[in-house]
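Report on the following structure.
What you see below is based on every heavy atom in this structure, not just the backbone, and it leaves out hydrogens, waters and symmetry mates. Note on naming: letters A, B, ... go to the chains in the order of the sequence lines (proteins, then strands), and numbering restarts at 1 for each one.
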Amino acid sequence: MRSVCFVDKIELDFSGNILADAIALGDIDNDGENELVVGTINGELSIFKGEKLWQTISGLGMISSVGVGDIMNCGSNAVVAISGEGWCHFYMCINQNKPNICEKLQLVYQRRIPTNAKVMVLGDIQGDGQTDLIVGLTDRVVRIYRWLQTREVASLVCLNKCECASQIGSICIGKDLERKPCVLVSQPGATYMTISNSQEENPLVEYHEVPLPKLTCSSISSQIVGCVGNDSSIGVVALDGTVSYINKQKLLWTINVEQQLFKAGKVSVCNEGGEQIVTSAWSGHTFIIDTQSNIVCFEVGQAIQSFISGVYANNKSTSFIYVTYSNKILVYFNIEIERMVLYSLYALQANDPEFSSYTRQELKEMTEYYLYHEDSEDKKTSDEEETV
Amino acid sequence: MDCFLDAHYFSLPTQGNIYSVVNLEQSNGKNKTLVATLKRKIYSCEFFEENNILLPVIKEVPFTYIPTGAEIISIDAFNRSKTRDDFFIGITIIKVNGDQSTETYLNIYTEQDVEEKGELNLDCLAQNCLMLELTFIPYQLYHTSLFNQDKIEEAVWLLSGSDLKMHLFREDPQNHTYSEIEAEELFPEFGRLPSIVFWLDIKHTCDKERRITAYGCECGLVKIFMFDIIKNILVLTISQQFDAPISQISLFKVKNEPIHFKSSMVGNLREKSALLEVRESHCFNLLVVNTLQPSVIFMDVINQKFDKRLILPDSDKHDIALCACIADVNMDSKSEILIGTFAKELLIYTYTNGIWMLRGQHKFSHSIHSINYIDITGDGVKELVVVTMLGVQIFQHNLLAVMDIIKERLRRITMI
């Protein structure tokens with residue numbers, strides 16, 4: 001398997017243990033640059049801006065998931081932290097123009113939701129431009145919430161509740177066959193569920209099984225990534241290292257990278273364009289997989305608690321962010337790959353009418369001669385230089 | 001570095017040093033790089049092609065007779081045959097015992113019963129070892145050709161030692177063994193060394209009548225010799241003292257040397273360049289990589305001695321300069337100098353208008369231990385193989401740009 005090495009990185013000091021989903025990237029202070037939010041199991045929420053720790057908030061319970069988005073639909077992003085105990089906190093940066101107040105993020109809303117929340121997604125699920133909160137619980141339940149604000153009340157209301165067949169791995173927002181937004185919920189054994197028509201009280205829940213050629217254990221938890229490459233394509237990543245790519249409910253390919261994959265996302269880091277699935281293992285191995293199943297691997301070299309990819313701080317290109325067990329968060333920035341696949345010069349020459357008639361030996365000699373041993377005009381000048 | 005793309009990276013479990021990489025140039029034109037690590041593991045790196053896609057293949061080679069607890073110091077290899085693969089691989093190891101005493105060995109691996117046109121079988125070669133016990137701590141392991149008066153070539157090992165001697169190991173063909181013989185008899189250059197030789201470089205003139213030897217020492221002394229093989233005397237001895245240890249030295253020519261091809265594809269073009277060969281056969285430049293001060297180049301060091309001294313600007317700004325590579329990475333038929341430093345920086349210098357200028361640099365994840373510019377993919381275009389403390393990084397040229405260069409040069413030739 002091809003591997004690459006990313007060099008540009010910054011290290012952020014961070015102590016504590018986090019759950020895999022308690023990490024998020026988002027523009028918290030609405031300045032156009034993304035900040036990093038990390039929540040620990042001891043209830044500490046840390047916000048990093050650039051190379052500095054910006055703020056810490058404590059006492060939030062066992063934070064199981066964090067998210068950044070315009071959940072209150074007011075044009076300003078909020079930080080949403082939910083805990084296993086069932087607390088849901090909204091923080092917003094409302095004092096940024098008042099220099100005397102040192103507390104940058106302020107609690108704007110809190111309420112109790114059912115306990116055992118595990119994963120959360122903020123996004124537009126109804127296609128009306130409003131942000132909803134989708135919460136997945138370890139009780140196999142997915143709830144969709146929406147912020148409701150009238151003159152009298154301002155609160156988070158639960159629109160509906162769906163039950164899954166078994167444990168939820170991850171949730172994300174994808175598109176259904178009619179290109180309408182739907183919720184994708186990964187299920188054990190590389191299967192998944194879709195929840196569509198979510199604005200109604202009884203949404204349509206469908207269970208999809210991926211026909212894998214090799215029978216994987218049906219209890220292996222998996223992660224799901226929606227809309228990879230095109231709207232109707234889905235990537236499903238299982239803990240046993242199986243990565244499957246599904247288009248319109250048809251399996252296109254499946255590969256196994258033999259690492260315990262626990263987080264998955266979507267990036268566009270290849271200079272050839274297109275989108276790739278990025279998935280990370282507990283060992284720190286990260287795999288970038290394009291829609292043709294070409295793999296490029298990157299090793300952090302140490303075990304990780306969580307991983308997220310996205311644009312961080314003032315970098316233009318993608319960053320890979322790892323929370324390690326050694327009291328550090330590693331931010332690799334300028335993640336770029338020229339090509340997903342390596343070719344030799346023969347591959348180019350075979351497609352060129354000028355060269356296609358020669359044998360490989362001839363081509364090789366010609367290449368060597370013209371690149372490194374050519375007796376060109378500037379020979380004279382170099383000779384002169386040498387003897388000056 | 002803009003012309004390069006990341007091709008492959010693999011990490012090493014333990015670090016190596018500046019002596020732990022060797023390239024095997026096989027008779028079929030393919031290259032394999034062997035990378036040794038401190039804790040006994042040696043990896044081979046090569047590329048295979050499958051459905052027009054290049055696949056990197058990294059394998060651990062199980063070399064025998066490297067005892068548990070031993071550490072690899074240096075590795076070197078040569079191919080004894082010109083027509084087939086008959087490789088000799090030398091590995092020096094050190095073993096520290098419980099009572100703090102050390103044992104050091106030179107292991108020489110060869111393939112038994114090499115068939116005609118047989119291809120290199122590393123696994124088989126790694127099993128066949130000749131172990132020589134050493135009485136000193138080994139440093140750089142080097143090989144060179146020894147020509148007798150009739151210009152018959154014989155490859156010998158040269159091993160720099162902590163006992164301030166250069167040790168010569170020569171094959172004893174009757175007993176199928178190697179033995180150490182007094183180096184000074186054959187190499188008068190190595191009499192009375194002032195300190196440990198860190199790096200040695202030997203070149204022969206095209207007519208095989210003279211041998212040019214250069215070495216750099218721990219104390220900062222650089223010595224250059226020219227030895228007349230026919231008359232068996234030293235015709236030139238010059239030396240220069242530096243203030244810091246010399247990590248590498250290299251004898252090189254700025255202009256690329258002509259090559260010989262098997263097929264007649266470019267035969268008529270080649271004849272012209274063959275004429276250039278003999279002229280200025282002694283015109284060698286010497287690169288001296290200095291650990292604390294800027295590295296320097298002595299242009300035409302044999303004829304002009306140390307008179308024409310050129311400095312590589314800022315080559316001391318990135319901590320110790322550890323290694324260097326002379327390579328034509330921009331394909332202009334003139335060599336560039338690449339310097340690898342401890343501060344993870346690779347520096348590229350080009351020679352223009354009589355001076356060496358810093359033209360590019362690239363940051364790595366760890367400090368750089370060695371740089372090689374070889375055709376590891378086997379398509380005629382060379383790749384840059386950089387070995388850092390904990391990984392091997394391979395860069396490939398941007399092939400579209402390479403195609404453009406070939407086409408443009410092809411057009412120019414056909415126009416003439």
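Residue S3(A) holds its OG atom at 10.5 Å from CG of D6(B), rounded to the nearest 0.5 Å. With rounding to the nearest 0.5 angstrom, the CG atom of N28(B) is 9.5 Å from the CD atom of Q361(A). Atom-to-atom distance recorded for K30(B):NZ and K364(A):NZ is 9.0 Å, nearest 0.5 angstrom. One distance of note links CG of L5(B) with CD1 of I337(A); it measures 12.0 Å at 0.5 Å rounding. Note that CG of L400(B) is 11.0 Å distant from OH of Y343(A), once rounded to the nearest 0.5 Å.
Other residues, nucleotides and ligands contribute more than 12 heavy atoms inside 6.0 Å of the NZ atom of K328(A). Heavy-atom contacts from other residues, nucleotides or ligands closer than 6.0 Å to CD of Q26(B) number more than 12. In this structure, K248(A) places its NZ atom where only 12 or fewer heavy-atom neighbours from other residues, nucleotides or ligands lie under 6.0 Å away. For E51(A), the CD atom sits in a loose shell: 12 or fewer heavy atoms of surrounding residues, nucleotides or ligands are nearer than 6.0 Å. With a 6.0 Å radius and a threshold of 12 heavy atoms from other residues, nucleotides or ligands, F252(B) has its CZ atom above the threshold.
Nearest heavy-atom pair across G380(B) and E368(A) is O-CG, 3.6 Å. The heavy-atom pair separating R2(A) from A7(B) by the smallest distance is NE-O, 2.7 Å. Scanning all heavy atoms of the two residues, the minimum distance from D379(B) to L345(A) falls at OD2-N, 2.7 Å. R339(A) and Q396(B) get closest at one heavy-atom pair: NH2-OE1, 2.9 Å. Contact record, F364(B) with V7(A): O-CG1, 3.4 Å, taken as the closest heavy-atom pair.
Remark: the backbone N or O of Y372(A) is not paired with any side-chain donor or acceptor of D328(B) at under 3.5 angstrom. Judged by distance alone, the side chain of Y9(B) and the main-chain N or O of E299(A) form no donor-acceptor pair under 3.5 Å.
For chain A, no part of I394(B) is nearby; none of its heavy atoms comes within less than 4.5 Å. Only the side chain of I405(B) comes within less than 4.5 Å of a heavy atom of chain A; its backbone N, CA, C and O stay farther away. Of the atoms belonging to D375(B), it is side-chain heavy atoms, and not backbone ones, that fall under 4.5 Å from chain A. No part of K344(B) comes within reach of chain A, as not one of its non-hydrogen atoms sits under 4.5 angstrom from that chain. Residue H366(B) does not touch chain A at all, counting heavy-atom pairs closer than 4.5 Å. With a 4.5 Å cut-off on non-hydrogen atoms, D352(A) touches chain B through its side chain but not through its backbone. For chain A, the nearby part of Y373(B) is the side chain; its heavy atoms alone come within less than 4.5 Å. With a threshold of 4.5 angstrom between heavy atoms, F355(A) approaches chain B through side-chain atoms but not through N, CA, C or O. Heavy-atom distances place both the backbone and the side chain of Q349(A) under 4.5 Å from chain B.
Counting heavy-atom pairs closer than 4.5 Å to chain A, the top residue among E49(B), E408(B), H397(B) is E49(B). Between chain A and the residues L390(B), V402(B), N52(B), the most heavy-atom pairs under 4.5 angstrom are made by N52(B). Of all the listed residues (V381(B), N303(B), T377(B), V57(B)), the one sharing the greatest number of non-hydrogen pairs under 4.5 Å with chain A is V381(B).
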Practice prompt. Tell me, with the steps shown, if T367(A) and I406(B) meet side-chain contact (heavy atoms from CB on, under 4.5 Å).
Written response: CA-CA 7 Å; T367(A) 306; I406(B) 295 175; 3.8 Å; yes
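E354(A) is listed as a side-chain neighbour of L410(B), based on a closest heavy-atom distance under 4.5 Å.
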